[in-house]
Trainee: 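If you scroll down you'll find the structure; I have some questions about it.
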Amino acid sequence: MNEKVYKTMSHSGCWSLAIGVVVMVTGIASGVMLIVTGARLLKQKYQITF
């Protein structure tokens, strides 16, 4: 019984770490893309003439 609990906990821990890394990388990539896009929009704002 203890071995089953130990294996379940170790697998759950591994999956939590893996999912955490994927979420962190995705979040960082999304943040960088938003910053770059926002900077590009602000740069091109001055080209608009009314």
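When reading the values below, keep in mind they use all heavy atoms of this one structure, side chains included, and skip hydrogens, waters and symmetry mates.
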Trainee: Which ILVMFWY residues are connected to Val5, directly or by a chain of links, through side-chain heavy atoms under 4.5 Å apart?
Mentor: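 Other cluster members: Met9.
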Trainee: Between Ser10 (side chain only) and Lys7 (backbone N and O only), is there a donor and an acceptor less than 3.5 Å apart?
Mentor: yes
Trainee: With side-chain contact (heavy atoms from CB on, under 4.5 Å) as the criterion, how do Lys45 and Leu41 come out once you've worked through the C-alpha distance, each side chain's angles and the decisive distance to 0.1 Å?
Mentor: CA-CA 6 Å; Lys45 179 178 81 169; Leu41 284 172; over 6 Å; no
Trainee: With ILVMFWY side chains joined below 4.5 Å, transitively, what does Val23's cluster contain besides itself?
Mentor: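 Ile19, which link up through side-chain heavy atoms under 4.5 Å apart, make up the rest of the cluster.
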